[in-house]
Number of protein chains: 4
Amino acid sequence: MPPRAGSSDAPRSFVEEARRAQIVQCTIEIIASLGYAQASLASIAERAGISKGVISYHFAGKDELIAQVYTSVMTKVAGKVLATVEAQPRAAGKLRAYIEGSIAFIADHGQEAVALLEIWNGLRTHTGQQVLDARTYEPGLEFLQAIFRQGQADGEFRRFTPRAMAVAVRSVIDGVLIQRATYGAAVDLAEASREAVALFEAATRATPDDTVRSKGPARRKRR
Amino acid sequence: MPPRAGSSDAPRSFVEEARRAQIVQCTIEIIASLGYAQASLASIAERAGISKGVISYHFAGKDELIAQVYTSVMTKVAGKVLATVEAQPRAAGKLRAYIEGSIAFIADHGQEAVALLEIWNGLRTHTGQQVLDARTYEPGLEFLQAIFRQGQADGEFRRFTPRAMAVAVRSVIDGVLIQRATYGAAVDLAEASREAVALFEAATRATPDDTVRSKGPARRKRR
Amino acid sequence: MPPRAGSSDAPRSFVEEARRAQIVQCTIEIIASLGYAQASLASIAERAGISKGVISYHFAGKDELIAQVYTSVMTKVAGKVLATVEAQPRAAGKLRAYIEGSIAFIADHGQEAVALLEIWNGLRTHTGQQVLDARTYEPGLEFLQAIFRQGQADGEFRRFTPRAMAVAVRSVIDGVLIQRATYGAAVDLAEASREAVALFEAATRATPDDTVRSKGPARRKRR
Amino acid sequence: MPPRAGSSDAPRSFVEEARRAQIVQCTIEIIASLGYAQASLASIAERAGISKGVISYHFAGKDELIAQVYTSVMTKVAGKVLATVEAQPRAAGKLRAYIEGSIAFIADHGQEAVALLEIWNGLRTHTGQQVLDARTYEPGLEFLQAIFRQGQADGEFRRFTPRAMAVAVRSVIDGVLIQRATYGAAVDLAEASREAVALFEAATRATPDDTVRSKGPARRKRR
DNA sequence: CATGAATGAGTATTCATTCAT
DNA sequence: TATGAATGAATACTCATTCAT
C-alpha cells in the first residue's frame, strides 16, 4: 500500500514526480524561513496547501523528504558550479571559479543555500541517521582537494595540505552563507566574493621557495 | 520555591553551585554527543542521574540552562585565548595566537567547543529567542577586526576588508571544529593548526605594493 | 495540520462538528462532576474515550475549548430564557420569567449550569486570561438592569439601585444552582423557583410612596 | 518525625502557634491577590520569607493549611457578626444586623473575605476532599434559618421557606463580595449594604394577609 | 491519490511532598 | 525547628506517523 517505500523499482509517474517536486520546494522555503527545527510536516503541508497525509504518501518519512531536499539542492548547486570550474584549464582558475560560483549560488538561490546549511547543521549529530550524515560533505571536499593537488603538481600553488585547504575553502563559503542568512540583504555578496577570492589566491599562491623546490633554478621570479 | 528567580542577589551555596556545574557539564556532554535539538531536559537529567525536576529547581528554565552553558564555555575559551593574544605586540602575532589558541581549545576541550557551535547553530533560527541570538557572534568578530585594523595601520597586513577576513578566520576555525566533531581523534589538530596559521599568514601578509602605498613615494606601481 | 488555526473561514465538516460537540459535552460533564480545576485535558479525553491529542487536534488549546463550552452553554440558556422574558409586556412579568426560566434551566440542564458557574468562578482570578474574564458577567447584569429601569419608569417597581438588585437576582439564582450542585436531586427546584419569585416580587413591588412620587396623585392604590 | 500529623494531643508551643498564624496570614494574602488556583506553597513561602519546608513542617499538608485559613477567617467573621446579631431582640433587627455586619466585614477585611470565597469555590468539588467540603456552608445557613423561624413565629415576617430565604441572604452577600473582588474599591459597599438591607426587609416583611392569617379573623383575602 | 482524523510518544514546566542535614 | 535539595506525578501542548474512507 505505501507507494514508495524507499527502494521500489517502478518508475514514478509524471504527476507523482510533480507532487514530490512541489513538496520539496515548499520544504526548502519553510526551512529557509523558519529554520530546520521549526520545519514540521504540518507547516510544510500548510504552505503547499495540501494535507499532511500527502507528504507521508509520497515520501517514506520525514527523513526521506529531507534527504530529497538535500540531494535536489546539491544537484542544482553542482550543476551551477562544476561546469564553470571544469572550463578553467589551470588550478588557480578552477579555485577562483569554484569560490565565485558558490557565492553566486548563494546570491541567486539564497533559500536553497540556507536550506542546505540548515539541513547539514540539523542533521550532523542526529543519532542513528541513515539517510544523511556528516560524510555527505566528503564529495565536495574531494573535488576541491583534486584541484589543489593539480595546482601543486603544476607549481601554481605553494605547499600545503590539500585537505586542510579544502576544508578552509568550504568553511569560508559556509561562513558567507551564514552571514547572509543572519543579516539578509545587508551582506554585500559581491564584496564577499572578491575578498574570498583574493584571500585564497594569496593563501595558495606559490612562493619563490615552492618554485625552486618544485621546478629547478627558476631565478628571478616576480622580482 | 525555585531558589533563583532570575534576579536574586543572594550568593549561591556551595552545594547549589556544584549541582549547577554538574548539570551544565552534562548538558555540554549531551549537546556534544547528540546535538542541540536532541538535548532535552529528560536526556540531560538521565545522564546526570537525577530527576528532571532538579534541573527546573536549579535553573529558571531551559533557556537559562543553555545560556549558562554558553556563558560558561565562552568564559573558558576567552580565558584561554585572549591572554595569549594580548601578549603579542604585533598584529601578525596576535592573529597567530588567536588561531593557535582557538584550535588548542578544540583539542583540549572538544566537547565544550562542539557544544558552543551546536548552541549557536541551534539558536540561529530559533524564533523569539531572547537570552541568546545570532548577534552573540558579533563580539568575537569585532575582536578579530580590531586586530586586522591594527595590522593594516602598521603596514603588516595587505589591504582587505577586516570584517570579511574576520568572518573567514572564524569560519575556518569552526570548520576545523566540525571536522573534529565528525571524525573525532582521527583529525590531526596540530596539523590543522599549522595549516590554518600558514593560510592566514599568507592571506594577510603585506605585499610590496601595500608596503609602498602605505609607507613610501609609491613609484612604479605593479610594473 | 490542526484544522482550525483560529481564523479560518472554511465551514467545519459534519464529523468534525460532531467530535467537537462530543468533546464539549464531555468537558461539561467533567467540569460539573470534578470542578473546573480538575478538568484536565487528560480527564476529558479519558471520559470521551479518545486520546489527548484529539482534543488538541480539534481545538486550538484548552482556552478555546473552555470558551466553546462557555459560549455553547450561554447560547443555550439565553435561548431558553430570553424569549419568554421578552414575551412579557411588563417589567414585573419579565422579572418573574427571568427567574423562573433560569431555575428551570438549572432543573433541566443541571450539568451545563454547574459548568457555567465553575468556569466563571475558575476564571475569575485566572491571571492573564484573554478569551474569557470576569467582565463576561456584565451583559447578564445589564439585561436585568434594563428590566428594573423599565419597571421603575412605569411605576411598577419601588426605588432601588438597579445594579444592586441585578446583582442580587443573579446571586440568588447562582445560590440555588450551588445548592443543586451540592445536594443534587434533594433540592426542590420548583419550590426554590416559587420562593425566589415571591422574594423578588416583594422586594421590588412599588410602595405607596413610590407611586406618589413617580405618578402624581395616585390615590387609593392597592388600598 | 512529622510534628503535627493532624491529631496530636500535645499542645502547641507559643512559637509554633506564631509561625502557624504567620503562614495562615500570608496564605490569606496570596489567595486574595492571586486566587486560590495560583496559591502554591512556593508563593506562600516566598511571601512569608521562609522556605517551603516550614509549611510542611507546621501543617500536615496543603489541605490542613487551607482548612486552617478557612476556620481562622470563619471564626473572625463570626466574632464580628454574631455578637451584634444576638444583641438585637427582634428577628428583623437580627437580619439587618447580619447583613450589615457581613458587608462591613467585607469592607474592613476584604482579603479575608475574598480568601474565604476563593477557598469555598475552589474546594467545592475537589474530589475526595476530607478537611473541607460543601457542607461547611451549613452552620451559617442554619443560623439564618433560626432567625427567620423566630420572625415568622413572631409575625414579623411573611410566610416563606426559611431555608430558601437563608440561601438567598448568603448568596446576595457573596454576590456583593464577588463584585468587590472583581471591581475593587469602585464598588460602593455602603450603598450595597443599604440596598441589601432594604431588599430583604421588603422581601421578608409581613403582609396584611400574613398578619391576618396568623393573628386575626382573616376576612377578605386578596380581594 | 488525497484527506481528515486519530494516535502516542515527546516537549518544558509546575508543584505538593519528603527528607537529610 | 528550619532549610535547601530532590522527587515524581501532573500540566498543556507538539508532532511524525498511521489509516479508513
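Excluded from the calculations below are hydrogen atoms, water molecules and symmetry mates; all remaining heavy atoms, backbone and side chain alike, are included. Every chain is numbered from 1 and lettered A, B, ... according to where its sequence line falls, protein lines coming before strand lines.
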_Qualifying residues under salt bridge (Lys or Arg N to Asp or Glu O under 4.0 Å), relative to E17(B), sequence neighbours excluded_ =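 E17(B) satisfies salt bridge (Lys or Arg N to Asp or Glu O under 4.0 Å) with R12(B) once adjacent residues are dropped.
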*Sequence neighbours left out, what passes side-chain contact (heavy atoms from CB on, under 4.5 Å) with T71(B)? Give chain and number order.*
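T71(B) satisfies side-chain contact (heavy atoms from CB on, under 4.5 Å) with T75(B) once adjacent residues are dropped.
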*May I have the distance from E64(D) (atom CD) to dT17(E) (atom C1'), rounded to whole angstrom?*
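Distance check: E64(D) CD to dT17(E) C1' gives 14 Å.
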_Can you list everything that forms a salt bridge (Lys or Arg N to Asp or Glu O under 4.0 Å) with R19(C)? Sequence neighbours excluded, please._
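Salt bridge (Lys or Arg N to Asp or Glu O under 4.0 Å) check on R19(C) returns nothing, list empty.
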*asked:* What is the distance, to the nearest angstrom, from the CZ atom on R20(D) to the P atom on dT1(F)?
replied: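 To the nearest whole Å, that distance equals 12 Å.
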*Specify the separation, in whole Å, of atom CD1 of I55(B) and atom C1' of dA12(E).*
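These atoms are roughly 11 Å apart.
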*Where each residue is assigned the nucleotide of DNA chain E containing its nearest heavy atom, which of A39(B) and E17(C) is assigned the position nearer the 5′ end?*
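On the 5' side of the pair lies E17(C).
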*Measure the distance from CD1 on I44(C) to P on dT11(F) and round it to the nearest whole Å.*
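Answer to the nearest Å: 10 Å.
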*Nearest to side-chain heavy atoms of S51(B), which nucleotide of dC1(E), dA5(E), dG8(F)*: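 Closest nucleotide to the S51(B) side chain: dG8(F).
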*Interatomic distance where CG belongs to L34(D) and C1' belongs to dC15(E) [whole Å]*: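 Going from L34(D) (CG) to dC15(E) (C1'), I get 15 Å.
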*Nucleotide dT17(F), atom P - distance to CD1 of I66(A) in whole Å*: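 Rounding to the nearest Å, CD1 of I66(A) and P of dT17(F) are 10 Å apart.
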*Using Watson-Crick or G-U wobble pairs with both distances under 3.5 Å, give me DNA chain F in dot-bracket, 5' to 3', with [ ] for crossers and | for pairs to another strand.*
.||||||||||||||||||||
*If you round to the nearest 0.5 Å, how far is CD of E118(A) from CD1 of I66(A)?*
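Reported value, rounded in 0.5 Å steps: 10.5 Å.
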_Both R19(B) and S43(C) contact DNA chain F. Which one's nearest nucleotide lies toward the 5' end?_
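Looking at the nearest nucleotide for each, R19(B) comes out on the 5' side.
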*asked:* Going by side chain to side chain donor-acceptor pair (under 3.5 Å), name the residues that satisfy it together with S72(A), two or more places apart in sequence or in a different chain.
replied: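 Scan of S72(A) (side chain to side chain donor-acceptor pair (under 3.5 Å), adjacent residues dropped) gives none.
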*Partner set under side-chain contact (heavy atoms from CB on, under 4.5 Å) for E112(C), not counting sequence neighbours*: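 Result, side-chain contact (heavy atoms from CB on, under 4.5 Å) vs E112(C): I28(C), V73(C), K76(C), F105(C), H109(C).
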*Considering only heavy atoms from C-beta outward, does the side chain of Y36(A) approach that of I119(A) to under 4.5 Å?*
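Yes - at least one pair of side-chain heavy atoms lies under 4.5 Å apart.
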_At 4.0 Å (heavy atoms only), tell me whether I50(B) reaches a base, stays on the sugar-phosphate, or touches nothing._
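Sugar-phosphate: the residue I50(B), judged by heavy atoms under 4.0 Å, touches backbone atoms but no base.
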*Among the nucleotides dA2(F), dG4(E), dT3(E), which one has an atom lying closest to any side-chain atom of H58(D)?*
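Shortest atom-to-atom distance from the side chain points to dA2(F).
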*asked:* Taking the side chain as everything from C-beta on, heavy atoms only, tell me whether Y70(B) gets closer than 4.5 Å to L65(B).
replied: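 The answer is no; the side chains never approach within 4.5 Å.
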*Over how many whole Å does the gap from Q22(A) atom CD to dA2(E) atom P extend?*
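Rounded to whole Å, this separation is 9 Å.
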*Report yes if at least one side-chain N or O of Y57(B) is closer than 4.0 Å to OP1 or OP2 of dA6(F); otherwise report no.*
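No, outside the criterion.
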Just the table, please: protein N/O against nucleotides 13-15 of chain F N/O, every pair under 3.5 Å.
unit_1  : atom_1 : unit_2 : atom_2 : d
dC13(F) : OP2    : K62(C) : N      : 2.7
dC13(F) : N4     : K52(C) : NZ     : 3.2

*Would you please confirm or rule out a distance under 4.0 Å between OP1 or OP2 of dT3(F) and any side-chain N or O of S13(B)?*
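Looking at the OP1 and OP2 atoms of dT3(F), neither is under 4.0 Å from any side-chain N or O of S13(B).
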Atom pairs and distances, donor-acceptor, side-chain atoms in residues 45-54 of chain B, under 3.5 Å, two or more places apart:
unit_1 : atom_1 : unit_2 : atom_2 : d
R47(B) : NH1    : E29(B) : OE1    : 2.4
S51(B) : OG     : G53(B) : N      : 3.4

*Might you point out which heavy atoms bring A115(D) and I31(D) nearest each other, and give the distance in Å?*
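Closest approach of A115(D) to I31(D), heavy atoms only: CA-CG2, 3.7 Å.
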_Whole angstrom value for the distance that separates P of dG8(E) from CD of E46(C)_ =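 So the two atoms are 14 Å apart, to the nearest Å.
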